[in-house]
Amino acid sequence: MKYIFITGGVVSGLGKGITAASLGRLLKNRGYKVTIQKFDPYLNVDPGTMNPYEHGEVFVTKDGAETDLDLGHYERFIDENLSKNSSISMGQIYSSVIEKERKGNYLGKTIQVIPHITNEIKEKIYSFEDTDIDIVITELGGTVGDMEGLALIEAIRQVGLEKDIDDVCYIHVTLLPYISGSKEIKSKPTQHSVKELQSFGIKPDILVARADDHIPEEMKKKIALFCNVRPENVIENLTAETLYEVPLLLEKNGLAKAVCKKLKLEKQEENNGEWIKLTKKIKNCKEEVKIAIVGKYVRLEDSYLSVAESLRHGGFANSVKVKIGYVDSEKITEKNVKEILGEYQGILVPGGFGNRGIDGKIIAIKYARENKIPFLGICLGMQMAVVEFARNVLGIKDAHSAELEKSTKNPVIHIMEEQKSVTKKGGTMRLGEYPCVLKKGTLAHKLYNKDEISERHRHRFEYNNSYKKQLEEKGLICSGTSPDGNLVEIVEYKDHPFFIAGQFHPEFQSRPDRPAPLFVGLIKAAKQIK
């Protein structure tokens with residue numbers, strides 16, 4: 001097995017995740033079985049309870065792990081389902097070591113960062129051994145020198161000693177800032193970052209340098225000399241026109257070739273034909289549609305990263321560019337809803353937790369339903385679609401979700417009876433992939449063109465079947481349920497060009513070349529709105 005470690009320096013947010021995902025795609029295109037994992041230095045056990053403003057969206061894997069958003073990039077680029085072994089925080093590492101100590105696993109030894117914490121980290125890195133994986137790409141969150149991440153750096157240094165020299169490759173992603181006053185690209189921050197990495201015992205094999213302009217050959221030679229790498233291993237990484245063009249730019253600049261050479265990989269010939277076709281298709285999208293994401297975390301677009309990417313995927317399938325508007329649901333009222341949403345050809349209400357901004361979401365859903373605007377609801381968006389319909393069509397004015405209004409006498413969204421005994425918040429959440437049976441003749445069945453699907457969930461409260469008959473009689477039909485029929489997974493309004501909502505998160509399985517059907521349908525319907 002080959003190991004690739006990707007670290008970052010100078011500043012955060014340089015695109016280590018995109019670099020890891022792009023490299024994974026390039027190596028997969030060469031015929032290798034690739035997986036990617038992310039170590040985050042923070043001490044939270046996982047991002048599941050973190051505010052999206054802290055760390056962006058929570059991505060959910062097939063096996064139900066709540067993970068860092070970079071895993072979404074990994075899955076979208078390499079088109080492989082990742083697992084809980086692909087997302088590890090230092091909180092998990094410390095928690096696991098302390099639990100083992102409490103159980104007596106260490107036989108009374110003094111617990112230390114070295115070897116106990118570093119061994120726990122290496123155990124996660126080596127977890128893919130004895131599988132069919134050829135290459136493990138491991139991204140380390142944060143930047144070199146961060147106090148929380150020092151044990152991670154030490155652990156990957158040890159891997160370099162424990163494995164054959166030809167089986168380990170270190171890649172350092174860094175920044176070459178442009179100083180407008182002197183009109184120069186500066187290499188000093190990169191030199192300092194590499195020097196710090198070397199001080200921890202790691203010599204990077206490859207540097208991926210983010211820059212706003214092309215890096216002159218003389219600058220590459222200077223960086224190579226001062227950072228102790230070969231000039232051909234200083235890889236330029238400019239901002240791409242489209243996100244999915246990054247692998248091809250890195251291919252052009254020699255990243256995959258350098259990795260193959262370092263790891264002595266036999267399959268070195270590139271095979272990016274299908275990816276090239278995809279990027280050409282993306283660039284040929286000329287027509288534009290405007291879609292509103294109505295949520296409460298809109299100040300940080302990463303809060304809805306997978307949703308936004310899935311909308312773009314739906315655009316690729318319909319040969320249109322999707323222009324996304326992030327609309328703060330707290331600012332929507334009955335009086336201004338048309339003014340705020342009138343310019344959009346489609347409306348999407350995503351998942352979320354808590355009361356803040358709920359009224360605005362309900363008003364936005366009502367606006368979409370009454371004005372025949374294509375609408376897609378996701379998780380909480382589906383639940384609020386049920387609440388809106390119960391209030392404004394059935395006339396149940398106090399209809400609500402018991403999660404948001406415990407005292408409501410009409411909980412059209414409630415917690416299942418068998419879940420009530422569990423007091424720990426989140427203890428009964430449905431996380432990960434669950435099957436759903438689609439009703440023939442419905443919009444859902446038409447979009448998926450299947451009788452049964454599987455989608456990923458992240459929620460606790462469910463559709464209340466006590467109101468099912470009333471809702472369906474007025475037109476809000478249940479078009480997808482769990483195989484036993486007890487859990488409603490999809491609702492749709494039949495007297496509407498496109499009004500559908502799912503209890504699950506279809507964005508987690510969408511790929512640029514294999515978009516999620518609900519997003520394809522939304523964009524197709526929006527495209528027809530003049």
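This chain uses plain numbering: 1 for the first residue, then up along the sequence.
- Here Glu57 contributes atom CD and Glu301 contributes atom CD; the two are 12.5 Å apart, rounded to the nearest 0.5 Å.
- Remark: Tyr326 engages no residue in a ring-ring contact (aromatic ring centres under 6.0 Å, His included) (not counting sequence neighbours).
- No more than 12 heavy-atom neighbours from other residues, nucleotides or ligands sit within 6.0 angstrom of CD on Glu339.
- Nearest heavy atom pair, residue Ser303 against residue Pro52, reads OG-CB, 3.5 Å.
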- Message: Working note: Asn44 + Ser89, criterion side-chain contact (heavy atoms from CB on, under 4.5 Å); need CA distance, chi angles, decisive distance, verdict.
- Response: CA-CA 7 Å; Asn44 303 68; Ser89 71; 5.6 Å; no
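- Around the NZ atom of Lys450, the shell of radius 6.0 Å holds no more than 12 heavy atoms that belong to other residues, nucleotides or ligands.
- Evaluated for a side-chain hydrogen bond (donor to acceptor under 3.5 Å, both in side chains) with Ser479, the options Lys494, Lys439, Glu492 yield exactly one hit, Glu492.
- Put simply, the side chain of Asn371 never gets that close to the backbone of Ile373: no donor and acceptor are under 3.5 Å apart.
- Between Trp275 and Phe77, the angle of the ring planes lies from 30° to 60°, which puts this pair in the tilted group.
- Under the ring-ring contact (aromatic ring centres under 6.0 Å, His included) criterion, Phe508 pairs with Phe59, His505, sequence neighbours left out.
- Between Glu251 and Arg30 there is a salt bridge, with a side-chain nitrogen of the basic residue lying less than 4.0 Å from a carboxylate oxygen of the acidic one.
- The closest donor-acceptor contact from the side chain of Asn336 to the backbone of Lys331 lies under 3.5 Å.
- Within 6.0 Å of CG on Asn284 lie more than 12 heavy atoms contributed by other residues, nucleotides or ligands.
- A ring-centre distance under 6.0 Å is found for His55 and Tyr42.
- The number of heavy atoms from other shown groups lying within 6.0 Å of NZ (Lys290) is above 12.
- Ionic pairing of Lys296 and Glu330 is not present here: no N-O contact between side-chain nitrogen and carboxylate oxygen is shorter than 4.0 angstrom.
- A donor-acceptor pair is defined here as one N or O able to donate and one able to accept, closer than 3.5 Å; no such pair exists between the side chain of Arg511 and the backbone of Asp79.
- Tested against Glu388 for a side-chain hydrogen bond (donor to acceptor under 3.5 Å, both in side chains), the candidates Arg369, Gln383, Lys366 yield a single pass: Arg369.
- Leu311 approaches Val322 most closely through the heavy-atom pair O-CG2, 3.3 Å.
- When side chains are defined from C-beta on, Arg25 does not count as touching Tyr244, because their heavy atoms never get closer than 4.5 Å.
- Tyr304 places a side-chain N or O within donor-acceptor distance of the main-chain N or O of Tyr297, the cut-off being under 3.5 Å.
- In plain terms, the two heavy atoms of Tyr463 and Ile413 that are nearest each other are CA-CD1, 3.9 Å.
- Residue-environment remark: CG (Asp484) exceeds the threshold of 12 foreign heavy atoms within 6.0 Å.
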- Stepwise side-chain contact (heavy atoms from CB on, under 4.5 Å) check, Ile365 with Phe375: CA-CA 8 Å; Ile365 293 168; Phe375 167 77; 3.6 Å; yes
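- Summarising the local packing, CD of Glu288 is surrounded by more than 12 heavy atoms from other residues, nucleotides or ligands at distances under 6.0 Å.
- Looking at His313 and Asp513, their side chains never come closer than 4.5 Å, going by heavy atoms from C-beta outward.
- The environment of NZ in Lys28 is crowded: more than 12 heavy-atom neighbours from other residues, nucleotides or ligands sit within 6.0 Å.
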- For the pair Leu341 and Val294, evaluate side-chain contact (heavy atoms from CB on, under 4.5 Å) and give the outcome as yes or no after the intermediate values. CA-CA 9 Å; Leu341 297 177; Val294 180; 4.1 Å; yes
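- Leu447 places a side-chain heavy atom less than 4.5 Å from the side chain of Phe498.
- Contact record, Glu489 with Cys436: CB-SG, 3.6 Å, taken as the closest heavy-atom pair.
- Expressed to the nearest 0.5 Å, how far CD of Glu473 lies from CG of Leu394 amounts to 9.0 Å.
- With hydrogens and angles ignored, the 3.5 Å screen pairs a side-chain donor or acceptor of Asp134 with a backbone N or O of Lys33.
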- Query: Would Cys379 and Phe353 count as a side-chain contact (heavy atoms from CB on, under 4.5 Å) if you check the C-alpha gap in whole Å, the side-chain angles of each, and the deciding distance to 0.1 Å?
  - Reply: CA-CA 10 Å; Cys379 197; Phe353 294 91; over 6 Å; no
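- Heavy-atom minimum distance, Ser22 versus Leu250: CB-CD1, 3.8 Å.
- The shortest non-hydrogen separation linking Val520 to Asn318 is O-ND2, 3.1 Å.
- Using a distance-only test at 3.5 Å, with no hydrogens or angles considered, a donor-acceptor pair links the side chain of Asn465 to the main chain of Asn486.
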